[in-house]
Participant: 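Below: one structure in structure tokens.
Nothing here was measured: the structure is a model prediction, and the numbers come from that model. In the text below, chain A, chain B and the rest are named by the order of the sequence lines, each starting its count at 1.
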Amino acid sequence: MSTSTGARQEPTGAGRTGARSPGRMPAAETHRRPYRPTTKRTWFLANREYRAYALREVSSVVVGFFVFNLVVGLVCLHRGLESWQWWVSLQTNPLNLTLTVLAVVMSLVHATTWFQATPKIIRIQRGTRYVADFWVVAQHYLLLAVFAAVVYFWLGGL
Amino acid sequence: MTESSHGHPGAGASAADGVQPVGATAEQPEPRPRRDGAAAGPEAGGTITLQVLRYRPDREDAPYLQDFEVPWRTETSVLDALTWVKDNLEPSLTFRWSCRMAICGSCGFMLNGEPKLGCESFVRDYAPGPLRIEPLANHAVERDLVVDLEPFMASLRAVQPYVISDDRHPVPEPGNRQTPEQMVAYGQYSQCINCMLCYAACPQVGLATDFLGPAAVTLAVRYNKDSRDHGADSRLPILDNEGGIWPCTFVGACSTVCPKGVDPAAAIQQAKGATAQAWAAEFILPHRGEGR
Amino acid sequence: MQTLRTDVAIIGGGGAGLRAAMAAADTDPQLQVLVISKVYPMRSHTVAAEGGSAGVVGEDDSLDRHFADTVSGGDWLCDQDVVRYFVEHAAEEMYQLERWGCPWSRRPNGEINVRRFGGMSQPRTWFAADKTGFHMLHTLFQTSLKYPSISRLDEHQALDLVTSNGRVAGVVVYNQRDGYPVFVEAGAVVMATGGAGRVYAQNTNGSIVTGDGMAMAYRAGAPLRDMEFVQFHPTGLPGSGILITEGCRGEGGVLLNKDGYRYLQDYGLGPETPIGSPQNKYMELGPRDRLSQAFWHEQQAGRTISTPQGEAVHLDLRHLGRKYLEERLPMICHLAEQYVGIDPARDPIPVRPAVHYMNGGIETDVTTATSVPGLFAVGECASSGLHGANRLGSNSLAELVVLGKVAGQQAAALAAEDPVGASSSLRQEAQDIAATYLVMMGRGTEAPARIRRELGEALESGVGIFRTGDDMAATARTVRELKERYTQVQVVDTCPVYNTDWASTIELGAMLDVADVIVHSALRRQESRGSHTRLDGFTSRDDERFLAHTRAHFRASGVPEISYHPVTITTMPPAQRAYGAAGKTADAAAAPRNTEDQGAAQ
Amino acid sequence: MRRWQGRTNEPLMWALFGGGGMLAVFTMPVLIIAFGLLVPFGGFGGADGTYERMHALLTHPLVSLLVFLALGLVLWHCCHRTFHALHDLKLHPPEIVRSAIYGIAMLTPAIGYSLSLAA
Ligand SMILES: Cc1cc2nc3c(=O)[nH]c(=O)nc-3n(C[C@H](O)[C@H](O)[C@H](O)COP(=O)(O)OP(=O)(O)OC[C@H]3O[C@@H](n4cnc5c(N)ncnc54)[C@H](O)[C@@H]3O)c2cc1C
Ligand code: SF4
Ligand code: F3S
Ligand code: FES
């Protein structure tokens, strides 16, 4: 055991007069040799929960691509019928279509994960209890349905 | 240092003076209450292989797994199993524990890669094994299953986890009134036992070394939401900071693993909301919060 | 060797130590206060306390009642000046905790709520659900972070006190994280290291509750007092000993034997109170010693329930309903579910007595000063004179803060007026102390785990709920023999950092010293009082000979030196200790000065 | 506005991210199905029919502005997550990358709107 070294440490705090930052006393010498594991770059594959998280994050990227697509569409709309027809037919392009199908799936992933998460941020307290998550989530689905209906009737020309 | 085989561990230290620890023939672990009554399952038992991470800073440069064959019964917790190893096979195996009733927060380990309290996890749930026991992830390993808690202790202190009063809100004598409704606002966040499971679960803790982390932020939120406290402004600079709440990307694993249902993920997201509000308020009223 | 200089050194980061630290810092912000703890403070065993903390509030209660309950609960072995001081300051400290943020349970209007507790004539137990100790400890610890003058040595194990001319001048500690010993020089030392329940095989205590501080003070010359009074809690889980709080009974839980009969009515605690309306000091709300003894009798009569972990009785909470249980006793529900697979709303919980609390400890007066100058003691490691022969539930947590504050103030005052200077001879002494412990690493032949196990069993059999001279003598011999074997104890591990093999072996040394004192104190007390109950002819209280504190002094070789000294009695002369219906009459006769409110007593 | 060591503009970034997310989850699934599938495959009649109905409403400069802003907000949300995903991959991108990513979110609708006005 080489624990007690000969070197005699001078006192760190000088008692009544000594000012020292609070908290843990500083170590004078140490036998520590901590091993520091590092996070692997592929950590997000390690378990189900991380994979779900990764999927959620990726879903935004896909949704983002579609927003891009919509912006283009909107510009085309402004530029006249021909442009618009071009954009509409572009959507049926197999590559574009694949992306769209992926976007549908991802937007649903995106929406459902978001809906699951919101009750954590929005907590409605009633007396000594919180309103059950179910109601917060249900409200969200209702809003989604309302928007869907509006778009459906608008585009359907009703 | 050779990796020892089942029932023959500890070739290292004890060999020095020719004394071998008691072998696998030693006594059964201390009995624990078994599942009983309505929920009783059949009395089970057997032996299981524990693969325990070993790292002794004076001997090894890198950790390795050592196998131990351990007898168990229905009521044997993982902590009991480790204690049995320490008492009967390998006295140098090091891990923290105290209360053995899931309240002191000492005994967090990675069990087959998942952060768990050793005293509240039962071997029966891992039979037939093997069960891998490692120190909490995202922490520096001091020795065997003991990890470095000092960074957390620094975060804990940083968030000012105490009631802060100010001139406009003098503390009433003899004490405050606080309705059960007001207690609910922070009650859940006051249940944290500082067990660090959430730190082990949160990837951002591993990625951002200066992240305050789930439990420390939760504690700040606990006080911010306490009707007796007026310190939210004072805690803002710690939370609204590069290493404060922002490294959190709402992975949510912290809440999944929390043994006390604290839900740190919720606390952090609420802190983000409150911080954004404070930001907006200062944007509109630039002098808000200054001079205090 | 590294030397640190501080004004007040507090050994122990539990409720008592932290309260003392804050009081010392408040007394004189110029002083350096150092909290030394072998675990991070929030791991201290105060965290495990469930039920609550006593403090008189409200119109229906009075300080005199709390006083009377405590003194009779302690079977008149309490120092009444201390009890008086304690009851007068308990509520004030509970409010202090409130202002620091402790989440006490409340009434709907926002006022403090109190619950019933065993042996207390009124509901006066403050509680934070069933995690009172947890919330108190975390509140204290977190609040202590506010003080710039409080520093800490976490995960530093205290090894021994250093004295200079009979005055305590510091303590040698071992830094587990960095792996070296440190000499802490201090103007005053406060011992707040908690109990020693781990000396018994079946106990409700955590692994760190090993009586280190008691042993350190004892070796430094401070007597250990009343150590034979070991409290058994009637409701531990069989096997593990995990505590099922008295709060369960306070809320209306009942104890049943194997025939489903509420057996307590047969042991002077009746008449049976109707299910759902518990009454203070009746039946399940009798004191712990009586309830544990009743269990023993039932077991002798074969009316207990056999479980694989030994005999048990049933604690029935079913009538309280799931909603109420989850609100008032959430942790109990969780513990029962986890550790015995029981849903308390559907099935009764098997329970049995387990060692819970050391009523005795390092002798102190009302100022927490020990007989060794410079050394104070507080909390479970101390015997302040408050608990006498049997502590009432919820008096201990309150004691931590009431007397913790006193200890901090006293230590600060001493450190300020009489600072001890550093001297090289002291440092040499410290170095020698460290060396005697450090050489243990990598030596010896006797497996400590085995000694520990045998010790626990010996104490269970000799100084358990009921005692006889023969059994005690046998246990005394066993302890001696174990102490002998301990001189050859084996420490395999030689790693300087986090050497828990070594650390727990040092704890075992402390446990042996404490156990030795327990047995010898018990052997000499030829009467039955409080938690010391004999079966061999000394079955009743003997105020003639034993209305006195037992005092055990350390002797380097041989058994402890036992002597007696008088109990301080101020206003409440010894009377019969009775509960249930008998208690009502006895109380009326015995209680001091409070005759005006006796009518509402029950 | 108070300043302190380490303070970031993250509250603003996060608030916009949250707003965009909220908008995205209520609208995007619907918009993707409607414009990515139903419109191109004649779910609402021919392209000229939808053109009629949409052109009438969406070419109003104010409505158009609002729509571009909304799309920008959603894009902000997506870019914010993309940026953090880089961090998750242990790529700690320099400031310029960060500016570029959030820049996409701001420039895309801006350019779109100017082109529309020009049309
Ligand atoms: C399960 C349980 C439930 C209880 N419930 C109640 C209740 O409801 N009401 C009530 O009034 N009482 C209750 N009690 C009793 C009460 O909780 C304890 O008596 C009290 O908490 C002891 O506090 P303490 O501060 O003295 O010691 P502890 O909290 O045990 O702290 C001891 C401190 O000393 C340190 N220490 C010890 N040895 C050393 C050393 N060698 N070197 C350095 N540091 C050291 C430890 O690290 C720790 O920080 C309960 C006890 C138990 C076990
Ligand atoms: S929040 Fe939960 S998991 Fe994290 S430290 Fe606290 S109790 Fe443990
Ligand atoms: S897991 Fe980590 S990223 Fe946030 S929600 Fe929890 S702290
Ligand atoms: S030992 Fe205390 S939490 Fe497990």
Side-chain angles (χ1 to χ4, degrees), chain B residues 138 154-155 158-160 201-212 216-217 220 232-253 265-266 268-292, chain D residues 1-29 66 69-106 109-110:
Chain B
N138 302 329
S155 301
V159 299
Q160 307 176 352
C202 173
Q204 302 302 346
V205 171
L207 291 167
T209 47
D210 55 349
F211 178 27
L212 278 177
V217 175
D233 262 0
S234 158
R235 289 183 199 103
L236 186 62
I238 299 132
L239 298 180
D240 182 8
N241 203 297
E242 276 163 42
I245 50 181
W246 301 115
C248 167
T249 53
F250 204 173
V251 176
I268 302 177
Q269 308 324 308
Q270 288 166 9
K272 288 178 184 171
T275 308
Q277 270 177 28
W279 194 92
E282 286 184 27
F283 190 75
I284 297 162
L285 303 165
H287 299 292
R288 187 185 167 275
E290 276 171 21
R292 262 206 262 144
Chain D
M1 174 77 64
R2 288 178 295 167
R3 288 266 122 221
W4 50 75
Q5 172 97 36
R7 189 168 197 178
T8 62
N9 49 15
E10 221 29 71
L12 177 64
M13 315 287 257
W14 182 82
L16 293 175
F17 155 79
M22 220 49 179
L23 203 57
V25 294
F26 293 136
T27 59
M28 287 314 287
L66 284 178
L69 279 179
L71 287 177
L73 201 58
V74 172
L75 203 54
W76 181 279
H77 167 85
C78 303
C79 289
H80 183 84
R81 273 202 175 158
T82 308
F83 174 70
H84 282 282
L86 292 181
H87 177 82
D88 287 346
L89 291 169
K90 295 186 84 174
L91 306 167
H92 302 292
E95 261 325 277
I96 177 101
V97 176
R98 176 186 162 105
S99 311
I101 290 177
Y102 287 99
I104 292 174
M106 288 189 283

Participant: Identify the residues of residues 87-94 of chain D whose heavy atoms come closer than 4.5 Å to a heavy atom of chain B, ordered by number, or report 'none'.
Facilitator: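 Under the 4.5 Å heavy-atom cut-off, D:H87, D:D88, D:K90 qualify.
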Participant: What part of B:Q277 gets closer than 4.5 Å to chain D, counting heavy atoms only: side chain, backbone, both or neither?
Facilitator: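 Nothing of B:Q277, per the 4.5 Å heavy-atom cut-off to chain D.
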Participant: Is any side-chain heavy atom of B:L236 closer than 4.5 Å to one of D:R2?
Facilitator: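 Yes, side chains in contact.
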Participant: What distance do B:T249 atom OG1 and D:H80 atom NE2 have between them, rounded to the nearest 0.5 Å?
Facilitator: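 Between B:T249 OG1 and D:H80 NE2, I get 9.0 Å after rounding to 0.5 Å.
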Participant: Can you find a heavy atom in the side chain of D:W14 that is under 4.5 Å from one in the side chain of B:T275?
Facilitator: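 No, every pair of side-chain atoms sits at 4.5 Å or beyond.
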Participant: What heavy-atom pair brings B:N241 and D:W4 nearest, and what distance separates the two atoms?
Facilitator: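 Residues B:N241 and D:W4, closest heavy atoms: ND2-CD1, 4.1 Å.
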Participant: With a 4.5 Å heavy-atom cut-off, do B:W279 and D:R7 have their side chains touching?
Facilitator: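 Touching, per the 4.5 Å side-chain cut-off.
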Participant: Less than 4.5 Å to any heavy atom of chain D: does that hold for the side chain of B:P237, its backbone, both, or neither?
Facilitator: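 Contact with chain D is through both the backbone and side chain of B:P237.
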